[in-house]
Chemist: 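Have a look at this one before I ask anything.
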Amino acid sequence: MNLRFIVLTAFLVTGCSTIGKSSSGNSVSLRFNAEAGKSSETRYFSTSRILTYTDKQLIKDRTETVDFTVINQFKKVDEKTDTIHFSSTTTRKDGTVQLHDLAFPEKDEVIDYVIRSTGEVVKAGRFPMQSIFFVPSVPIPDDRVEIGDTWTMEHVWSSARDGVPLKLEVVAILKDIVKCEKNKRCADIEISGHVNLLLAPDNPGARFDSRVWGRMLFSLERGDVLWAQTRSKEEMVHSGDRVSVNSCMVSEMKAGSNFKTKLECEPKEEAVNQVPTL
């Protein structure tokens, strides 16, 4: 089972509901937007450290890293159905990690998407709705939000390798509205959550724990993610064996390439305390 980077796929959002509201009166709307004929280019860097133990002894320590670029070509925006039609292609890949495990197309593969402005996925190529390609990324609230507001997101999908049903639960908070991309406005969003198995394991001694957290900059004018960094920590225990995985992924859209930070991350770091500066 591979749960790495489950909160940063591409535009895949469902099942959000507001749970806490502030009252400053300065609210914003978070919605995806696009213009037919235009495209976006985003670079991703991800790394994982996987530790395997048997009888409490470390028997394997390996690191997996991949650096890749994805271009989304927007083909149609249908206001009547509130849908955005686009194709997603990985044009560059450095590393051996399977990109389908991260819910991205492999190099030179084209996946056609149809999404709503709320982020709900109507179509993701030929992948079934129960797949990781429909797992949420950016938690989009139902209503307008203000700084300090929180909302929740839930999504259920099945592991591609063994069909085990999994449930993601995330809490998001609007930390701030900041300047980004030529002094336009971005929503600084912080997320935290966890993944649960919906079926009890056959082995009574088996255990699975997973949590996810991160930060992202969502452009209010562009209607897209300019920068994001997410992390996950998971552990599977079964019959005396234990596998511990610490992962991180950072992304940056080409339009936001004037950020004064490098596109890299270390999975051992616990917190994502701040967003990049211009």
Side-chain angles (χ1 to χ4, degrees), residues 3-22 27-32 42 44-48 102-104 115 118-121 132-157 166-178 180 185-196 209-220 223-234 245-253 256 259 261 263 265-267 269-276:
L3 303 178
R4 289 172 291 165
F5 320 123
I6 53 182
V7 266
L8 192 66
T9 50
F11 305 108
L12 313 182
V13 185
T14 58
C16 306
S17 60
T18 302
I19 62 172
K21 298 288 291 181
S22 62
S27 63
V28 295
S29 177
L30 303 180
R31 288 293 182 268
F32 286 107
T42 301
Y44 298 86
F45 174 86
S46 69
T47 183
S48 296
L102 311 182
F104 287 100
I115 67 167
T118 58
E120 177 189 355
V121 178
I132 192 173
F133 285 86
F134 287 79
V135 173
S137 63
V138 184
I140 299 292
D142 292 333
D143 304 317
R144 297 176 68 90
V145 289
E146 305 168 11
I147 295 174
D149 285 352
T150 60
W151 61 96
T152 61
M153 177 178 70
E154 296 182 356
H155 189 87
V156 175
W157 81 102
L166 305 161
K167 182 177 182 180
L168 171 69
E169 298 177 330
V170 169
V171 175
I173 179 171
L174 179 59
K175 299 286 289 186
D176 201 358
I177 302 296
V178 300
C180 61
R185 300 179 305 158
C186 273
D188 175 5
I189 302 171
E190 182 179 76
I191 62 170
S192 61
H194 58 274
V195 175
N196 290 325
D209 296 306
S210 178
R211 68 184 184 95
V212 294
W213 66 100
R215 295 283 283 273
M216 60 188 64
L217 289 177
F218 186 91
S219 172
L220 299 177
D224 208 340
V225 177
L226 290 189
W227 174 92
Q229 185 174 150
T230 57
R231 299 178 181 279
S232 67
K233 185 174 184 179
E234 58 216 40
V245 183
N246 288 277
S247 306
C248 68
M249 172 180 275
V250 60
S251 69
E252 183 177 315
M253 185 180 289
F259 290 135
T261 55
L263 195 70
C265 62
E266 290 289 340
E269 295 175 357
E270 277 292 313
V272 184
N273 292 321
Q274 62 184 15
V275 295

Chemist: Taking atom CD1 of Ile189 and atom CD1 of Ile173, what is their separation to the nearest 0.5 Å?
Modeler: 11.0 Å
Chemist: May I ask you to decide if Pro139's main-chain N or O and Trp151's side chain share a donor-acceptor pair within less than 3.5 Å?
Modeler: yes
Chemist: Check whether any side-chain heavy atom of Val250 sits under 4.5 Å from a side-chain heavy atom of Thr230, and report yes or no.
Modeler: no
Chemist: Looking at residues at least two apart in the chain, or sitting in another chain, which of them share a side-chain hydrogen bond (donor to acceptor under 3.5 Å, both in side chains) with Arg185?
Modeler: Glu221
Chemist: Just by modelled atom types, is the Arg231 backbone N or O under 3.5 Å from a matching donor or acceptor in the Arg211 side chain?
Modeler: no
Chemist: Please round to the nearest 0.5 Å and tell me the distance separating atom CG of Leu30 and atom CG of Leu220.
Modeler: 6.5 Å
Chemist: Check side-chain hydrogen bond (donor to acceptor under 3.5 Å, both in side chains) between Asp176 and all other residues, then give those that pass, not counting sequence neighbours.
Modeler: none
Chemist: Nearest 0.5 Å please: distance from the CG atom of Asp224 over to the OG1 atom of Thr42.
Modeler: 6.5 Å
Chemist: Return the orientation label for the Phe218 and Phe32 ring planes: parallel under 30°, perpendicular over 60°, tilted otherwise.
Modeler: perpendicular
Chemist: Using 0.5 Å steps for rounding, measure from the OG atom of Ser232 to the CE atom of Met249.
Modeler: 9.5 Å
Chemist: How far does CG of Leu168 sit from CD of Glu154, to the nearest 0.5 angstrom?
Modeler: 9.0 Å
Chemist: To the nearest 0.5 angstrom, please state how far the CD atom of Glu252 sits from the CG atom of Leu217.
Modeler: 9.5 Å
Chemist: Which atoms form the tightest heavy-atom contact between Asn246 and Pro267, and what is the distance?
Modeler: O-CB, 3.3 Å
Chemist: Please examine the side chains of Glu190 and Arg215, heavy atoms only from C-beta on, and report whether any two atoms are closer than 4.5 Å.
Modeler: yes
